[in-house]
Amino acid sequence: MERRTIGAAALAVGAVGLGCMPMSWAYSGSRQRGDESIRAVHRALDLGSTLLDTADMYGPFTNELLLGRVLKERREDAFVSTKVGLLVGEQHIVANGRPGYVRRACDASLRRLQTDVIDLYQLHREDPEVPVEETWGAMADLVRAGKVRALGLCAMGARGGRRSGTRLHDATIRQLRRVQQVFPVSAVEAELSVWSREAMETLLPWCAERGIGFLAAMPLGNGFLTGTLTPGQGFEPDDVRARHPRFTAEMMAANQPVVSGLRRVAARHGESVTPAQVALAWVLAQGPHVVPVPGAKQERWVTENAAATNLRLTARDLTELAQLPAALGSWD
């Protein structure tokens, strides 16, 4: 698989990563099977999808434990990205960016992952009660201690903190400027897909100008862009899509032209090419610093996603995809 470089630290990873969250968090709990997920992670590493993206809150904790079973055997094959800064309660999630907590959380993640170093340690959310510079400083100390190789910032909470009249990632960029004064940012993780393009306005070019890697979260639109979901199919109560404004039966039906466009482009490249692979190839085409991190928990989806690195979209393809209608049922 093609390799891409993340940040000034020149950390090399496979061009398509593996989002591990669906294996134990946020998606259809009845379909989560540990042994099946373990096989999926092994398959990803076999194919060169070396970046494994997780967080201590996924489960909570069970996602890191699951990955630890693989890393115990194959640590040298993997690039491990995990996150800190969120605590999961019974009915709520709260931020904790206190330096002491960050240090304890890192040690706990290392134990669960069965490794002595984390390749990329990301701040999941800023704690409103703690200056972000203090949190980032504690994370930088972990790099100096040899427990972490590089630092990243997760911008997945941008929609919730968006103010009227501002662009989606304005606050993220202000936060990045602050932490860059403390210690270099190697990567930013934020949503980017054919139907969620806001990062292209400011955040993606901001990262490119500074040599910062961009991890594209949800590049398959929570599964919608694969073309395998049916409008009105329903979701289990614990599935995040059950409460997502783009996944009502009405909005899923209204957004079918997006999938149809992906299918048209796929058909021009051969019968075996899928809408998901076109969606991932589009993300890969946004810059050499971009690494899509599609979530998957089955070997067949991991294999399909990895093959997207072999798909080269033409100028006609990219023009057609750029003209797809905007997604309906947005957060706004």
Side-chain angles (χ1 to χ4, degrees), residues 1-7 9-27 32-86 88 102-124 139 142-152 154 186-187 189 213 215 217 291-303 305-306 309:
M1 181 183 289
E2 172 196 349
R3 305 275 281 180
R4 294 197 166 187
T5 301
I6 292 179
L11 303 168
V13 299
V16 172
L18 174 61
C20 299
M21 182 180 73
M23 299 176 184
S24 52
W25 178 259
Y27 290 88
Q32 294 166 357
R33 299 175 178 87
D35 290 343
E36 184 177 61
S37 295
I38 292 291
R39 290 192 296 271
V41 178
H42 278 291
R43 180 63 173 159
L45 295 178
D46 290 342
L47 294 169
S49 290
T50 56
L51 193 155
L52 307 179
D53 187 61
T54 184
D56 56 3
M57 73 164 286
Y58 299 160
F61 311 129
T62 54
N63 204 240
E64 288 185 333
L65 288 167
L66 184 149
L67 285 186
R69 293 167 59 186
V70 177
L71 296 175
K72 184 178 181 180
E73 304 173 11
R74 304 188 60 176
R75 181 63 182 93
E76 293 184 0
D77 298 329
F79 181 97
V80 182
S81 170
T82 192
K83 308 176 189 73
V84 65
L86 289 178
V88 180
V102 169
R103 290 189 288 270
R104 294 192 300 274
C106 180
D107 288 340
S109 287
L110 289 169
R111 288 193 297 272
R112 287 189 291 268
L113 292 165
Q114 300 197 52
T115 183
D116 58 0
V117 63
I118 294 165
D119 295 304
L120 179 67
Y121 204 36
Q122 296 194 69
L123 177 58
H124 216 155
M139 295 172 68
L142 296 171
V143 178
R144 300 183 186 99
K147 296 180 179 182
V148 171
R149 290 199 172 101
L151 302 184
C154 186
S186 289
E189 183 167 352
L215 307 187
V291 178
V293 189
K297 54 181 179 287
Q298 295 182 28
E299 289 180 85
R300 61 172 176 159
W301 303 130
V302 167
T303 302
N305 294 342
T309 59

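In what follows, every heavy atom counts, from backbone to side chain, and hydrogens, waters and symmetry copies are set aside.
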Could you tell me whether [X] and [Y] have a side-chain N and a carboxylate O separated by less than 4.0 Å?
X: R75; Y: D119; value: yes
X: R69; Y: D35; value: yes
X: R111; Y: D116; value: no
X: E64; Y: R112; value: yes

Non-hydrogen side-chain atoms of [X] and [Y] separated by less than 4.5 Å:
X: M139; Y: V148; value: no
X: S81; Y: L52; value: no
X: L215; Y: L51; value: yes
X: L18; Y: T50; value: no
X: R300; Y: R43; value: no
X: L71; Y: V41; value: no

Where do [X] and [Y] come nearest, in terms of heavy atoms and distance?
X: A150; Y: L11; result: CB-CD1, 3.4 Å
X: L45; Y: D77; result: CD2-O, 3.6 Å
X: K83; Y: E189; result: CE-OE1, 3.4 Å
X: M1; Y: G48; result: SD-O, 3.5 Å
X: G19; Y: P22; result: O-CD, 3.5 Å
X: V302; Y: L47; result: O-CD1, 4.2 Å

Checklist entry - To the nearest 0.5 Å, how far apart are OH in Y121 and CG in L142? => result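 Answer rounded to 0.5 Å: 6.5 Å.
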Item to check | T303 (side chain) donor-acceptor with E299 (main chain) under 3.5 angstrom | outcome: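 Such a contact is found between T303 side chain and E299 backbone.
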Next on the checklist: Looking at C20, is its backbone amide N or carbonyl O close enough to the side chain of T54 to form a donor-acceptor pair, meaning the two atoms are under 3.5 Å apart?
Outcome noted: no
Checklist entry - Side chains of T309 and E2: is there a donor and an acceptor less than 3.5 Å apart? => result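 Side-chain D/A pair, T309 to E2: absent.
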Next on the checklist: Holding to side chain to side chain donor-acceptor pair (under 3.5 Å), I want the full list of residues that pass it with T5, two or more places apart in sequence or in another chain.
Outcome noted: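 Once residues adjacent in sequence are excluded, T5 has no partner under the side chain to side chain donor-acceptor pair (under 3.5 Å) criterion.
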Checklist entry - Step by step, would you call S24 with N63 a side-chain hydrogen bond (donor to acceptor under 3.5 Å, both in side chains)? => result CA-CA 6 Å; S24 52; N63 204 240; 2.7 Å; yes
Checklist entry - Of V70, T82, L65, which is the lone residue that meets side chain to side chain contact (heavy atoms under 4.5 Å, CB included) with L113? => result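 Answer after filtering V70, T82, L65: T82.
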